[in-house]
Amino acid sequence: NTPDESVDAAIKAGFDLMLTANNHTYDTKTTGFHRTQQVLQEKNVDYIGTRTDESQKTYIVKDINGIKVGMVCYTYTLSMVEDKPNLNGNTPVAKPEQLNFFDYNNLGSFYSEMEQILSDMEADGAEATILYIHWGTEYELTENNTQNTIAQKMCDLGVDVIVGGHPHVIQPMDLLTSTENPDHKTVCIYSLGNILSNQNRYNISSAPQGHCEDGMLFSVTFSKYSNGMVVLEGTDVLPTFTNTHSDKPLKYNILPLDDETRDQWKTLYGINDKILGYAEDSYDRTMAQVGEGLEECQQYLESAKAQREQAYHNP
């Protein structure tokens with residue numbers, strides 16, 4: 001439902017994997033569902049979440065700098081109509097087997113699918129795993145109980161990283177501990193907020209003011225030791241702010257809010273004092289949301305690394 005050039009722009013910006021399962025996947029019905037994938041295929045862009053053929057794998061395993069990372073993308077469905085997901089209150093998906101979705105009223109089925117996917121990923125050589133998931137409640141600044149329940153189950157199943165989206169506002173970051181294997185931890189960000197968005201403080205009255213302008217770039221680092229062991233070594237965030245220009249046509253700039261250059265933002269981005277104030281408020285909002293969880297994750301990962309290094313060099 002967008003110009004094909006949006007894919008070219010994403011590629012030029014450095015994106016090499018697209019997530020195609022979300023509550024808008026079927027907004028333009030079967031035609032849009034398949035054409036999205038067709039365009040991505042023609043441009044040789046990897047994507048996960050949907051398939052043109054039910055025989056295709058529901059996930060992807062990519063070799064990234066010598067580490068094989070298994071990735072999968074799922075979306076919630078608003079309701080089920082004759083065993084077919086109705087993603088956004090529109091027409092139910094014609095072929096559910098071509099979409100990765102879960103039903104809040106049947107999480108057991110989702111858990112079974114994920115258990116099988118993780119097993120299949122491992123058989124395909126995956127050494128680390130990431131779940132991208134569309135979930136939660138729009139404009140809520142904290143995750144709901146169901147998100148907590150799902151995240152904990154994913155941790156118990158062995159997922160390394162959970163990256164959430166959909167609420168359009170940033171939600172907290174957490175470090176989860178498996179109830180099956182206390183040595184296993186999962187880093188989870190419940191919602192990345194918005195990145196390129198026209199949802200600003202003036203047109204989303206149902207959202208807390210300003211929060212829809214906030215987003216972040218979320219990163220994780222996996223490392224491999226000489227004995228083949230792969231571990232989650234680090235994680236970080238870079239807050240972003242969407243600057244909406246009032247000139248016509250409207251223009252949107254994503255400002256990366258690196259705290260180390262905070263005193264240079266006005267000059268770096270050519271913004272006035274008013275927009276600078278918005279950007280500073282955006283950074284502060286984001287860190288208020290994720291700062292505590294980020295610090296917990298980083299401290300644990302740094303401590304775990306120090307213990308590994310000591311054991312590695314002093315067997």
Side-chain angles (χ1 to χ4, degrees), residues 1-2 6-7 17-41 46-60 71-120 130-140 142-154 157 159 162-169 171 190-192 194 197-199 204 206-207 212:
N1 206 24
T2 61
S6 62
V7 179
L17 176 72
M18 303 297 179
L19 310 177
T20 54
N22 57 68
N23 62 307
H24 293 288
T25 292
Y26 215 67
D27 281 2
T28 51
K29 304 180 183 178
T30 302
T31 300
F33 180 85
H34 287 291
R35 190 172 185 282
T36 295
Q37 298 178 72
Q38 175 189 342
V39 172
L40 293 174
Q41 291 168 3
D46 288 326
Y47 63 92
I48 49 176
T50 58
R51 294 167 293 289
T52 55
D53 187 325
E54 48 268 30
S55 66
Q56 294 172 325
K57 291 182 178 179
T58 57
Y59 59 89
I60 192 171
M71 294 169 280
V72 63
C73 171
Y74 265 84
T75 183
Y76 77 95
T77 181
L78 193 65
S79 62
M80 297 293 293
V81 179
E82 297 180 350
D83 296 326
K84 295 180 179 180
N86 191 341
L87 298 181
N88 208 34
N90 299 318
T91 304
V93 176
K95 294 186 176 181
E97 62 273 16
Q98 294 180 351
L99 170 73
N100 286 356
F101 72 93
F102 68 91
D103 179 5
Y104 284 120
N105 296 312
N106 186 17
L107 290 178
S109 178
F110 173 43
Y111 298 158
S112 296
E113 286 183 22
M114 277 299 301
E115 187 172 15
Q116 184 61 55
I117 285 172
L118 291 168
S119 177
D120 292 342
I130 301 176
L131 167 65
Y132 298 94
I133 185 167
H134 216 70
W135 62 356
T137 307
E138 288 186 342
Y139 313 126
E140 290 294 324
T142 57
E143 75 280 5
N144 58 40
N145 290 336
T146 305
Q147 286 172 275
N148 288 142
T149 299
I150 293 173
Q152 184 59 56
K153 182 62 178 182
M154 294 300 105
L157 290 176
V159 173
I162 301 170
V163 183
H166 174 64
H168 296 290
V169 295
Q171 291 182 342
Y190 286 100
S191 174
L192 292 175
N194 280 336
S197 170
N198 69 345
Q199 291 188 321
I204 302 293
S206 57
C212 285

d(T36 OG1, H34 NE2) to nearest 0.5 Å is 10.5 Å

Between the CD atom in Q98 and the OG1 atom in T52, the distance rounded to the nearest 0.5 Å is 7.0 Å

Are any non-hydrogen side-chain atoms of I60 and Y47 less than 4.5 angstrom apart? no

Q. Quick one: does T20's side chain have a donor or acceptor within less than 3.5 Å of a partner on T50's backbone?
A. yes

Contacts of F110 meeting ring-ring contact (aromatic ring centres under 6.0 Å, His included) (sequence neighbours excluded), chain-then-number -> Y74, F102

| query | With side chains defined as the heavy atoms from C-beta onward, is the minimum distance between T77 and V93 less than 4.5 Å? | reply | no

query: Under a 4.5 Å cut-off applied to non-hydrogen side-chain atoms, are L78 and N23 in contact?
result: no

Nearest heavy-atom contact between P167 and S191 is CD-OG, 3.3 Å

Side chains of H168 and N194 in contact at under 4.5 Å (non-hydrogen atoms): yes

Interatomic distance, NZ@K29 vs OG1@T91, rounded to 0.5 Å, equals 3.5 Å

Open item on the list: Looking at D53, I'd like to know if its CG atom is crowded, meaning that more than 12 non-hydrogen atoms belonging to other residues, nucleotides or ligands lie closer than 6.0 Å.
Closed with: yes

In this structure, CE of M71 is separated from OH of Y132 (nearest 0.5 Å) by 6.0 Å

| said: Between L107 and T146, is the side chain to side chain contact (heavy atoms under 4.5 Å, CB included) condition met? List the steps. | reply: CA-CA 10 Å; L107 290 178; T146 305; 4.2 Å; yes

The ring-ring contact (aromatic ring centres under 6.0 Å, His included) partners of F101 (sequence neighbours excluded) come to none

Closest non-hydrogen atoms of C212 and Q199, given as atom of the first, atom of the second and distance, are CB-O, 3.1 Å

On a heavy-atom basis, the closest approach of R51 and L99 is NH2-N, 3.3 Å

Quiz item: Are the side chain of N86 and the backbone N or O of N90 linked by a donor-acceptor pair below 3.5 Å?
Solution: yes

Rounded to the nearest 0.5 Å, the CG atom of L19 sits from the NE2 atom of H134 at a distance of 10.0 Å

Sequence neighbours excluded, the answer for ring-ring contact (aromatic ring centres under 6.0 Å, His included) partners of F33 is Y26

Taken to the nearest 0.5 Å, the spacing of N22 CG from T25 OG1 works out to 4.0 Å

Which of E140, Q152, Q171 passes side chain to side chain donor-acceptor pair (under 3.5 Å) with Q147? Answer is Q171

So do N148 and Y190 actually touch side chain to side chain, heavy atoms under 4.5 Å?
yes

Is the side chain of S119 donor-acceptor paired with the backbone N or O of E115 at a distance under 3.5 Å, no angle test? no

Heavy-atom closest pair (I130 atom, V163 atom, distance to 0.1 Å) is CG2-CG2, 4.1 Å

Evaluate the side-chain proximity of D120 to K57: yes if any heavy-atom separation is below 4.5 Å, no if none is. no

Please examine the side chains of V159 and M114, heavy atoms only from C-beta on, and report whether any two atoms are closer than 4.5 Å.
yes

* Asked: For the residue pair W135 and Y104, is the inter-centroid distance of their aromatic rings smaller than 6.0 Å?
  -> no

